[in-house]
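Here the structure is laid out as structure tokens; the discussion comes afterwards.
Numbering of ligands and ligand atoms starts at 1, following listing order.
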Amino acid sequence: MTETVLLDRTDRVAVVTVNRPDKLNALNAQVQRDLFTVLKELESDAGVGVVVITGAGDKSFIAGADISEFAGRSPLDQRQAMRFPRMFDVLSDFPKPVIAMINGFCLGGGCELAMSCDLRIASDRARFGQPEIKLGLIPGGGGTQRLPRLVGLGQAMRLTLTGDMIGAEEALRLGLVEMVFPHDELRDKTFELAGRIAGMSPVTLRLAKEAVRASEKLPLGEGIVYERDLFCLAFSTEDKAEGVEAFLAKRPPEWRGR
Ligand code: COA
């Protein structure tokens with residue numbers, strides 16, 4: 001628990017809530033520091049299999065970077081504020097699956113944060129966009145790179161050049177989110193999915209995430225070789241032995257996380 005980020009744990013699912021509802025959970029420097037702190041804790045917590053990120057209140061997931069921090073900032077100050085490691089990269093490289101539970105406005109840095117997660121599950125009331133162009137800016141949290149990878153070059157260009165907002169159904173159709181549920185069911189549906197994923201072997205989840213993430217960086221041939229190596233690495237785990245043995249014995253597996 002930190003000043004601006006709440007942390008709850010249910011079984012093996014941790015819920016990280018950005019808690020500035022009066023500012024629609026805009027990402028200021030404190031939120032970013034607090035997210036780093038909480039993620040660091042969750043990374044080493046063996047009791048946590050899956051992380052869910054959401055926004056406090058009923059209206060917004062994250063309405064972007066805190067625009068008030070941009071006023072009067074020099075390029076050097078901004079560069080310092082954007083120093084590496086960036087939170088977006090920490091999320092995409094996080095060694096456990098991370099799910100964005102998108103409960104409302106998902107704009108600018110909020111959309112970029114959601115795109116850095118492994119899965120995006122949205123309320124039917126959620127609204128999406130990269131409105132930076134309207135501020136005389138461009139996306140700076142990976143949006144110009146991750147958005148085209150999810151929705152294709154043309155749609156990414158449309159959203160980036162117009163700053164237009166789209167609704168959840170359109171986001172689903174474009175591939176910006178993977179699932180949409182009625183607002184009141186969002187939490188239960190997300191937890192059901194997160195719980196099922198958290199019930200898999202953590203060591204295998206890590207290999208699976210790493211292999212799929214590699215597809216963002218590697219050409220196909222190299223990616224196939226990398227996948228083969230991670231597949232064979234899975235043969236070194238106790239959970240591979242258990243999974244195969246349990247299947248053959250027609251019983252559920254008991255993962256050991258090794
Ligand atoms: N940064 C800082 N404050 C923000 C914010 C942001 N990105 N988004 C919302 N807020 C604040 C508002 O200034 C307002 O604060 P106040 O009550 O102290 O005036 C509060 O959150 C509520 O927002 P409000 O604009 O009154 O809600 P709304 O329902 O009328 O509009 C939005 C919602 C999302 C359309 C509108 O807030 C908005 O356009 N936000 C900016 C989105 C953006 O450009 N993000 C990218 C930043 S790079």
Nearest non-hydrogen protein atom to atom 35 (C) of ligand 1, with distance, is M165 CE, 3.8 Å
I'd like to know if the side chain of D34 pairs up with that of T4 as donor and acceptor (distance under 3.5 Å, no hydrogens or angles considered). yes
Note: L137, heavy atoms under 4.0 Å from ligand 1, region reported as neither
Filtering L24, D66, L135 for the heavy atom nearest atom 23 (O) of ligand 1 leaves L24
Q) Does a side-chain N-to-carboxylate-O contact under 4.0 Å join E41 and R9? A) yes
query: If you measure only the distance, is there a donor-acceptor pair under 3.5 Å linking the side chains of D58 and H183?
result: yes
Next on the checklist: Can you confirm whether some protein heavy atom lies under 4.0 Å from atom 45 (N) of ligand 1, or whether none does?
Outcome noted: yes
*asked:* Closer than 3.5 angstrom, by distance alone: can the side chain of T204 be matched with the main-chain N or O of M200 as a donor-acceptor pair?
replied: no
ask   = Does an N or O from I67, backbone or side chain, lie closer than 3.5 Å to an N or O of ligand 1?
value = yes
Are any non-hydrogen protein atoms located under 4.0 Å from atom 48 (S) of ligand 1? yes
For atom 38 (C) of ligand 1, the closest protein heavy atom turns out to be L107 CD1, 4.9 Å
Nearest non-hydrogen contact to atom 42 (C) of ligand 1 from the set G104, S60, A63, C111 belongs to A63
Is it true that E242 and R251 have a side-chain N and a carboxylate O under 4.0 angstrom from each other? yes
E132 heavy atoms within 4.0 Å reach ligand 1 at atoms 48 (S)
Q) Does ligand 1 have an atom that lies less than 4.0 angstrom from a heavy atom of D22? A) yes
Judged by heavy atoms only, the candidate from P131, G64, P139 nearest atom 43 (C) of ligand 1 is P131
query: Would you say the side chains of D239 and T237 form a donor-acceptor pair under 3.5 Å?
result: no
Candidate pair S68 and D66, rule side chain to side chain donor-acceptor pair (under 3.5 Å), full reasoning:
CA-CA 6 Å; S68 65; D66 190 316; 2.5 Å; yes
protein heavy-atom neighbour closest to atom 15 (O) of ligand 1 works out as K23 NZ, 3.4 Å
Flag the pair D93 and R213 as a salt bridge only when some basic side-chain nitrogen lies within less than 4.0 angstrom of an acidic carboxylate oxygen. no
Is the closest protein non-hydrogen atom to atom 8 (N) of ligand 1 under 4.0 Å? yes
Touching ligand 1 at all, K59? Heavy atoms, strictly under 4.0 Å? yes
For atom 40 (N) of ligand 1, state whether the nearest protein heavy atom is under 4.0 Å away. no
* Salt-bridge criterion met for E170 and R158 (N-O under 4.0 Å) -> yes
